[in-house]
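Structure first, then comments.
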Number of protein chains: 2
Amino acid sequence: MRIGELARRGGTTTRALRYYESLGLLTARRTANGQREYDEHDLRLVAEIRSLTGIGFALEDTRPFVECLRDGHTSGDACPASVAVYRRKLAELDECIARLEGARERVRAQLDQAEQRSRPCRR
Amino acid sequence: MRIGELARRGGTTTRALRYYESLGLLTARRTANGQREYDEHDLRLVAEIRSLTGIGFALEDTRPFVECLRDGHTSGDACPASVAVYRRKLAELDECIARLEGARERVRAQLDQAEQRSRPCRR
DNA sequence: CTCCGCCTTGACGCCCACGTCAAGTCCAGT
DNA sequence: ACTGGACTTGACGTGGGCGTCAAGGCGGAG
């Protein structure tokens, strides 16, 4: 399978796939005329990458998962490095959510205050 | 007061202040030799901008507040446009938080699953 | 005079995950 | 032979909020 088909089947674009390759996340054999040649295993890698970035992972964060799959594991998160990324991401998400909730509260307080000032008659 | 002092007192940098000016958020009189000259009212504007961006507002979102202050209101959120931004931001925050919580749940589920696979003996 | 610190404008760099364009190669179909 | 589609590499653009450097001006202290 060539890059176009992999992109379609992986739900992404050829540009993204070449970018992943430039990061070393994906590698490709070449045909005689220089075109990239992929197989089902590569599709699995792409699926893993897309799945993780879909959750909000940075591309670099998908690296352990990809390497884990390349090491022959059937699941990208079968390796400790991947699990560590899960934990780190979880902590990041918790912190980010807390920050946003704090911001939300501040905005709400400001909004309430502003509305009270603009409509003092309603008590 | 010149730009350096305004930056110090406003808790930011001269670069940022010039940037705000390039966006039209801040304006400055000039002294005879071309230097920017500010007063306490400008400091108030900077404080408003920093306060809002500190919560997570984009600079463009602070514009109504700044204009509101420039219109003579004692509070940047005394104008309907500012309140509208509050509402919009609140909705954005809610959506963002919901997204992150969804992501968090997915990561947690993945993590739990991965841990269960790696330590099946603990049941 | 020199030096220091503050100021000026202009312009490029950064981060990230690609989009988009350019210019060319290669192959299959008609 | 020609056309269309898929492929190649290279390089610049995007967005946001500035950081950082370049190259120079201006005023006061010593």
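Note that the structure is a prediction, hence the values are computed from the model and not measured. A, B, ... follow the sequence lines: proteins, then strands. Residue 1 opens every chain.
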Using modelled atom types and a 3.5 Å cut-off, is there a donor and acceptor pairing between side-chain atoms of A/Ser82 and backbone atoms of A/Gly76? yes

Let me know the distance between CD of A/Glu37 and C1' of C/dC26, rounded to the nearest Å. 15 Å

Show your reasoning for whether side chain to side chain contact (heavy atoms under 4.5 Å, CB included) applies to B/Tyr19 and B/Leu59. CA-CA 10 Å; B/Tyr19 182 56; B/Leu59 282 177; 3.5 Å; yes

Give A/Thr13 one of three labels, base, sugar-phosphate or nothing, depending on what nucleic acid heavy atoms sit under 4.0 Å from its own. sugar-phosphate

Check against side chain to side chain contact (heavy atoms under 4.5 Å, CB included), A/Arg30 and A/Arg36: CA-CA 5 Å; A/Arg30 297 300 184 116; A/Arg36 290 169 178 82; 3.3 Å; yes

SB check B/Arg88 B/Glu60 (cutoff 4.0 Å): no

With heavy atoms under 4.0 Å as the rule, sort A/Phe57 into base, sugar-phosphate or nothing. nothing

5' to 3' contact window, DNA chain D with chain A (heavy-atom distance under 4.0 Å): D/dC7 to D/dA11

Rounding to a whole Å, what distance do you find between B/Tyr38:OH and C/dT8:C1'? 12 Å

Could you tell me if the side chain of B/Asp39 sits less than 4.5 Å from the side chain of B/Asp42, heavy atoms only? yes

Quick check on DNA chain D: between B/Thr12 and A/Arg30, whose nearest nucleotide comes earlier from the 5' end? A/Arg30

List the steps, then state whether side chain to side chain contact (heavy atoms under 4.5 Å, CB included) holds for B/Lys89 with A/Leu111. CA-CA 10 Å; B/Lys89 265 296 161 184; A/Leu111 178 56; over 6 Å; no

A/Leu26 atom CG is separated from C/dC18 atom P, nearest whole Å, by 12 Å

The side chain of B/Arg15 lies closest to which of these nucleotides: C/dC6, C/dT9, C/dA11? C/dA11

Under 4.0 angstrom, heavy atoms only, what part of the nucleic acid is A/Arg18 near: base, sugar-phosphate, or nothing? base

Would you name the heavy atoms of B/Ala28 and B/Glu21 that are closest together and state the gap between them? CB-OE1, 4.0 Å

Whole-Å distance, B/Ile3 CD1 to C/dG5 P, equals 19 Å

Please give me the minimum heavy-atom distance between B/Tyr38 and B/Thr27, naming the atom from each residue. CE2-O, 4.0 Å

Between A/Leu23 and A/Asn33, which has a closest nucleotide on DNA chain C that is more 5'? A/Leu23

Could you tell me which non-hydrogen atom of A/Thr12 sits nearest to which non-hydrogen atom of A/Ala16, and how far apart they are? OG1-CB, 3.2 Å

With respect to the phosphate group of C/dC18, does any side-chain polar atom (N or O) of A/Tyr20 fall under 4.0 Å of OP1 or OP2? yes

Can you give me the bend angle of the helix from C/dC1-D/dG30 to C/dT30-D/dA1? Use the axis through the first five pairs and the one through the last five, nearest 10 degrees. 40°

When we call it a touch if two heavy atoms are under 4.0 Å apart, what does B/Arg8 touch: a base, just sugar-phosphate, or nothing? nothing

